[in-house]
Amino acid sequence: MSVRALWIISHEKGENVSIRFTRRFATVEHRAKSLAGSSYVAVPEDYSVLHLLLTEMGLSDSDKYYVALRDDCLHRQRSPALELRVDGPGKGILWPVLAISHGPLTLACLPIVDAPAEPRPPLASLLSVSQGLTLLAGLQTFLLGSGGKPDNEGLASRLAILPSVLLQVCPLGTPLDVPLLGAPATSTVPTPAGSQKQPAWKTGLHRGRAVVNVALKETVRSMQYGDRSRQDLWDVYGTVTCKCEVEGMLPNVTVTLTLPPNGSPLQDILVHPCVTSLDSCILTASSVDNCDGSAFSGPYKFPFSPPLEPFRLCSYTSQVPVPPILGSYQLREEENQLRVSVTLKLHESVKNSFEYCEAHLPFFNRDQMGVVDVKVSSGQMDVSKEKNLLVWGLGQKFPKSREVTMEGKISFSGPTPGPTDPICTELTAYIKLYFKVPDMTLSGCCVDQHSVQVYSSAKPRIITSRELQSKEYFIWNSTGTAPVSSGPMML
């Protein structure tokens with residue numbers, strides 16, 4: 001996999017949008033021209049790329065309520081793999097342009113596709129897309145730091161050394177690794193003695209006890225409406241993070257993911273550039289292109305040559321039949337009071353052992369809370385009248401029935417107005433759940449210690465873990481209106 005071009009765009013609020021960094025790789029572009037033949041589309045000038053990219057991502061003309069290319073219902077954005085329609089003498093479509101945004105930066109690249117342009121291959125079958133997104137995510141972490149938004153001086157200094165960093169992690173446009181956060185532009189660590197040569201992009205050696213740590217984390221999102229006319233939505237997104245600490249040359253490692261016999265195949269799998277080989281069946285299951293992934297349900301083997309720092313080995317999505325916690329939320333207006341009724345039920349397949357579990361009930365566009373008369377069947381209730389917020393702490397376990405309830409009334413008669421929200425007006429309201437379940441995944445995916453193979457004379461300690469965590473887990477009031485998506489939830 002190689003990259004034809006790379007762009008880093010700044011769009012800080014209150015400042016002009018600009019390209020902070022760009023790099024084009026002539027050798028890769030020459031190869032792309034040879035592969036495409038008569039269908040070759042050249043990469044236009046940076047200012048044209050900037051305009052096309054911002055329009056496609058919906059970041060242009062923010063002062064205009066309607067832009068046809070951005071807002072028309074017939075326009076279907078396929079983030080993060082976009083297509084840019086180039087006008088002029090070399091007109092055509094550039095695809096797939098990969099782009100990710102966070103904070104003040106948007107990072108984009110155009111990987112080379114070693115496949116015919118027509119018919120267009122399924123997105124999930126292209127290893128270049130997976131590796132390109134991993135490269136962008138690594139560069140994003142390198143530039144923004146762990147906090148997500150560094151000071152201007154920190155960003156400027158990292159952009160200044162980025163050319164040297166790219167020489168190590170992406171020589172001649174071919175990604176070999178992702179940059180280490182805070183790594184210097186050049187390495188002062190000597191290469192090890194021996195017949196095996198240390199790669200230039202591995203900038204140091206580990207000293208100490210050999211350990212291989214593999215952590216599997218799944219996050220679940222949900223939008224539940226409690227109304228048969230509106231379809232509930234949920235999805236599961238999983239990541240596998242590895243850290244290999246072995247003295248001397250880092251060995252080759254193979255990590256295997258397994259599913260239960262009745263488990264759904266993993267989909268939308270993306271892998272780190274350090275993965276050395278991959279079964280083509282692993283990349284065929286996609287939730288976007290409706291590819292049939294039923295023929296392959298594991299085991300999923302990932303052989304790789306690890307970098308020194310912790311890294312994301314792979315990510316995936318999974319279709320599960322039910323969300324882990326089913327909820328019902330009803331609000332009714334009674335004079336200047338709201339009658340609240342909530343039921344939460346833990347599904348029988350979910351382990352009843354939480355690290356934490358909370359339900360937050362915010363109330364917007366009302367006066368400040370007055371009298372709160374609410375009873376819960378389990379856990380405890382905290383009231384923040386200044387924020388118009390109820391926090392229901394459910395503790396570490398549901399009761400044996402796996403069901404909890406809340407009933408009561410809330411008055412809003414405070415001296416000052418509470419917080420506002422443009423969506424949550426009248427009876428439009430939600431519950432947001434926060435929870436973490438250790439030692440389980442919703443898909444059933446796991447990494448067995450005995451399945452981790454380390455090809456080294458040393459015998460490292462193998463540590464594996466897994467957990468399930470909520471993210472954007474909403475239960476909407478069924479007696480009011482609620483925002484509804486017309487399609488599946490997008491990652």
| Polar side-chain atom of Glu472 near backbone of Arg221 as donor-acceptor pair, under 3.5 Å | no
| query | Within a reach of under 6.0 Å around CD of Glu358, are more than 12 heavy atoms found that belong to other residues, nucleotides or ligands? | reply | yes
| message | If you define the side chain from C-beta out and look only at heavy atoms, does anything of Pro460 sit under 4.5 Å from Val211? | response | no
| request: Check whether more than 12 heavy atoms from other residues, nucleotides or ligands sit under 6.0 Å from atom NE2 of His30, and answer yes or no. | output: no
| field | N/O donor-acceptor pair under 3.5 Å between Ser470 side chain and Leu433 backbone | value | yes
| said: Less than 4.5 Å apart, side chain to side chain, heavy atoms only: is that true for Val255 and Val212? | reply: no
| message | Is it true that, when you exclude Lys471 itself, more than 12 heavy atoms of the residues, nucleotides or ligands shown sit nearer than 6.0 Å to its NZ? | response | no
| said: For Pro175, is there any backbone N or O sitting under 3.5 Å from a side-chain donor or acceptor partner on Gln131? | reply: no
| Any donor-acceptor N/O pair, Glu218 side chain to Thr441 backbone, under 3.5 Å | no
| remark: CD1 of Ile9 to CZ of Arg20, rounded to nearest 0.5 Å, is 12.0 Å
| Heavy-atom distance under 4.5 Å between the side chains of Ile8 and Leu162, does that happen here? | yes
| note | The salt bridge (charged side-chain N to carboxylate O under 4.0 Å, His left out) partners of Asp448 (sequence neighbours excluded) come to none
| Is the side chain of Arg158 donor-acceptor paired with the backbone N or O of Phe142 at a distance under 3.5 Å, no angle test? | yes
| task | Look only at the side chain of Ser443 and the backbone of Gly263, and say whether a donor-acceptor pair between them is shorter than 3.5 Å. | result | no
| request: Give the minimum heavy-atom separation between Ser349 and Met440, together with the two atoms involved. | output: O-CE, 4.3 Å
| task | Check Pro251 against Pro306 and note the closest heavy-atom contact, atom names and distance. | result | O-CD, 3.1 Å
| What distance do Leu84 atom CG and Glu56 atom CD have between them, rounded to the nearest 0.5 Å? | 6.5 Å
| message | Any non-hydrogen side-chain atom of Arg120 less than 4.5 Å from a side-chain atom of Trp95? | response | yes
| Under the 3.5 angstrom rule, does the side chain of Tyr300 hit a backbone N or O of Ile269 as a donor-acceptor pair? | no
| Any Leu98 side-chain heavy atom under 4.5 Å of Val129 side chain | yes
| request: Give a yes or no on whether Leu172 atom CG has more than 12 heavy-atom contacts from other residues, nucleotides or ligands under 6.0 Å away. | output: no
| Can Val220 and Val320 be said to form a side chain to side chain contact (heavy atoms under 4.5 Å, CB included), step by step? | CA-CA 10 Å; Val220 56; Val320 294; 5.9 Å; no
| Quick one: CG on Leu107 to NE2 on His102, what's the gap to the nearest 0.5 Å? | 11.0 Å
| said: Can a donor-acceptor pair be found, under 3.5 Å and without considering hydrogens, that links the side chain of Tyr40 to the backbone of Leu35? | reply: no
| query | Backbone N or O of Val43 within a donor-acceptor pair of the Arg24 side chain at under 3.5 Å? | reply | yes
| said: If you define the side chain from C-beta out and look only at heavy atoms, does anything of Val86 sit under 4.5 Å from Ser48? | reply: no
| query | When rounded to the nearest 0.5 angstrom, what distance separates OG in Ser39 from NZ in Lys33? | reply | 12.5 Å
| message | Which heavy atom of Val113 sits nearest to which heavy atom of Pro96, and what is that distance? | response | CG2-CD, 3.4 Å
| task | May I have the step-by-step check of side chain to side chain contact (heavy atoms under 4.5 Å, CB included) for Leu143 and Leu159, ending in yes or no? | result | CA-CA 7 Å; Leu143 293 171; Leu159 284 170; 3.9 Å; yes
| said: Contact between Leu326 and Gln224 at the side-chain level, heavy atoms closer than 4.5 Å - yes or no? | reply: yes
| message | Using every non-hydrogen atom in the two residues, find where Thr22 and Trp7 come nearest and quote the distance to one decimal. | response | OG1-CD1, 3.3 Å
| Do other residues, nucleotides or ligands put more than 12 heavy atoms under 6.0 Å from the NZ atom of Lys351? | yes
| query | Does the Thr258 side chain pair with the main chain of Pro299, one donor and one acceptor, at a distance under 3.5 Å? | reply | no
| So do Pro44 and Leu94 actually touch side chain to side chain, heavy atoms under 4.5 Å? | yes
| Between CD1 on residue Ile325 and SG on residue Cys357, distance to nearest 0.5 Å | 4.5 Å
| For Lys387, does the NZ atom sit with more than 12 other heavy atoms under 6.0 Å from it, leaving out its own atoms? | no
| query | Can you list the steps and then say if Phe302 with Leu257 is a side chain to side chain contact (heavy atoms under 4.5 Å, CB included)? | reply | CA-CA 8 Å; Phe302 300 93; Leu257 304 184; 3.9 Å; yes
| task | Could you walk me through whether Ile463 and Lys243 pass side chain to side chain contact (heavy atoms under 4.5 Å, CB included), step by step? | result | CA-CA 10 Å; Ile463 302 174; Lys243 181 173 177 61; over 6 Å; no
| field | Trace of the side-chain hydrogen bond (donor to acceptor under 3.5 Å, both in side chains) decision for Thr239 with Ser315 | value | CA-CA 4 Å; Thr239 58; Ser315 63; over 6 Å; no
| Any chance the rings of Tyr473 and Phe435 have centres within less than 6.0 Å? | yes
| field | From Arg312 atom CZ to Cys242 atom SG, the distance as rounded to the nearest 0.5 Å | value | 11.5 Å
| field | Exercise: identify the closest heavy-atom pair between Cys109 and Val3 | value | CB-CG1, 3.9 Å
| query | What heavy-atom pair brings Cys244 and Phe304 nearest, and what distance separates the two atoms? | reply | SG-CE1, 4.2 Å
